[in-house]
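When reading the values below, keep in mind they use all heavy atoms of this one structure, side chains included, and skip hydrogens, waters and symmetry mates.
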Amino acid sequence: MHSSALLLIEFGSIILGLGLLGRFAARFRLSPIPLYLLAGLAFGEGGLLPLGASEEFVAIGAEIGVILLLLMLGLEYTAGDLVTNLKAHYPAGLVDCALNALPGAAAALLLGWGPVAAVVLAGVTWISSSGVIAKVLGDLGRVGNRETPVILSVLVLEDLAMAVYLPIVTALVAGAGLLAGSLTLAIALGAAGLVLFVAVRYGRVLSRFVSSDDPEKLLLVVLGLTILVAGVAQQVQVSAAVGAFLVGIALSGEVAEGAHTLLSPLRDLFAAVFFVFFGLHTDPASIPPVLLPALALAVVTAATKIATGYWAARRAGISVRGRWRTGGSLVARGEFSIVIAGLAVTAGVESSLGPLATAYVLILVILGPLTARFTEPLATRWTRRRAAGSGRTSESSPRPAEAEASVGD
């Protein structure tokens with residue numbers, strides 16, 4: 001009885017604290033992710049007030065948080081959207097992978113962490129935070145800008161790549177051999193292909209089967225189906241997150257909209273618990289030794305993300321100012337970088353990987369909204385000064401007639 005009461009007190013305190021931190025972040029228009037991570041550091045190993053009774057319960061909540069994050073991500077897209085984006089924008093996805101995954105892999109190898117940690121850290125530096133970026137675009141009033149579809153296309157391609165990348169990482173961190181790893185990847189790709197085929201061909205039938213006018217029944221069916229599929233996926237050595245992502249893709253229309261509305265509060269709750277859980281397993285004393293590498297990696301990959309966005313927007317015919325806005329908007333890393341690092345931390349791949357990933361995400365989740373807001377004006381000012389010094393007219397200095405047209409580009 002005493003243990004049960006202590007669990008309720010601890011977990012209730014965590015949830016209340018997260019709510020207060022979320023309100024504080026919202027007041028200053030910041031992402032709450034860094035505050036959640038800091039809360040985990042405070043209550044974890046070596047923190048101010050280590051938890052005891054509720055740690056196992058928090059671990060289960062964290063796993064549900066990852067599943068809901070990927071489910072909600074899948075609900076954002078239909079199978080047709082993914083196929084269309086893959087065909088139209090795959091070059092941008094390849095450039096994104098090359099420019100942003102390679103620095104992470106190189107950093108892990110330079111630190112002597114080995115090839116498995118290199119693959120994990122490559123994913124940490126590659127994937128932008130869809131949640132943070134979407135919030136920033138809304139806060140800045142750029143949802144209707146011409147460059148926004150380019151930003152979303154890059155994010156969609158990253159999300160689609162997760163369906164291939166996560167099974168590879170899962171197999172590697174589990175120590176699976178080449179044959180077992182290849183089998184895991186083949187199962188994941190086969191499942192993804194099957195789900196996409198069913199979603200394109202029979203998506204309406206599946207959605208009608210799941211659909212219900214009663215919000216309670218819709219919530220229970222979608223949530224139950226997602227956790228069931230995630231469990232089956234994990235049982236066959238495919239990431240549970242991939243299974244949840246595929247369920248989200250398979251649902252479309254009114255069902256997807258209704259499920260998104262009903263599940264959003266649950267996602268926010270358990271995602272916050274997940275970030276706390278990740279922080280719990282990171283000793284604050286282990287962060288200072290990796291702070292300098294994390295800062296260097298953050299600077300390099302912020303620059304490579306800006307270059308990625310600039311190139312993708314240029315390819316799409318966006319104006320120079322829109323290209324800089326695209327690049328600056330893609331800098332933030334967040335939830336999926338932590339999900340990827342969490343797989344390695346749980347498997348005990350490299351003790352310094354978790355602290356490095358925590359510091360890296362903390363830096364870029366704070367820097368991301370700033371680069372989204374200030375990259376374009378700073379680049380425009382720098383280009384004008386260069387043009388003035390050389391006596392030439394800069395392409396990024398629009399003529400009066402173009403200035404009005406570029407407001408919403």
Got F270 and L69 here, is their nearest side-chain heavy-atom distance under 4.5 Å?
no
Under a 3.5 Å threshold, yes or no: a donor from one side chain and an acceptor from the other, between E257 and T261?
no
With rounding to the nearest 0.5 Å, note down the distance linking CG in L41 to OG1 in T358.
6.0 Å
Sidechain-backbone polar pair: K305 side chain, V300 backbone, donor-acceptor under 3.5 Å:
no
A side-chain contact here means heavy atoms from C-beta on lying under 4.5 Å apart; do T226 and L263 qualify?
no
Judged by atom type as modelled, is there a donor-acceptor pair below 3.5 Å linking the side chain of T326 to the main-chain atoms of I151?
no
Considering only heavy atoms from C-beta outward, does the side chain of R325 approach that of T375 to under 4.5 Å?
no
Can you tell me if CG on D213 sees more than 12 non-hydrogen neighbours from other groups inside 6.0 Å?
no
With a cut-off of 6.0 Å (strictly less than), are more than 12 heavy atoms of other residues, nucleotides or ligands near CD of E350?
yes
Do any N or O atoms from the side chain of R323 and from the backbone of I318 form a donor-acceptor pair under 3.5 angstrom?
yes
Do other residues, nucleotides or ligands put more than 12 heavy atoms under 6.0 Å from the CZ atom of R315?
yes
Donor-acceptor pair, distance only, cut-off 3.5 Å: does the side chain of N145 make one with the backbone of E147?
no
Please report the shortest heavy-atom distance between A39 and L21, naming the atom on each side.
CB-CD1, 3.9 Å
Partner of V273 by side-chain contact (heavy atoms from CB on, under 4.5 Å), out of I15, I60, D268:
I15
Would the distance check show the side chain of S128 and the main-chain N or O of L330 forming a donor-acceptor pair, the cut-off being under 3.5 Å?
yes
With the side chain counted from C-beta on, respond yes when T380 and V320 share a heavy-atom pair under 4.5 Å apart, and no when they do not.
no
Residues L121, L297; criterion side-chain contact (heavy atoms from CB on, under 4.5 Å); working and verdict:
CA-CA 10 Å; L121 194 55; L297 196 57; 4.2 Å; yes
Tell me every residue that passes side-chain hydrogen bond (donor to acceptor under 3.5 Å, both in side chains) with T301, counting only those two or more places apart in sequence or in another chain.
Y360
Side chain of R142, backbone of T148: donor and acceptor closer than 3.5 Å?
no
Taking the side chain as every heavy atom from C-beta outward, state whether V339 and I127 have any pair of such atoms under 4.5 Å apart.
no
Roughly how far, to the nearest 0.5 Å, is the CG atom of L362 from the CG atom of L38?
5.5 Å
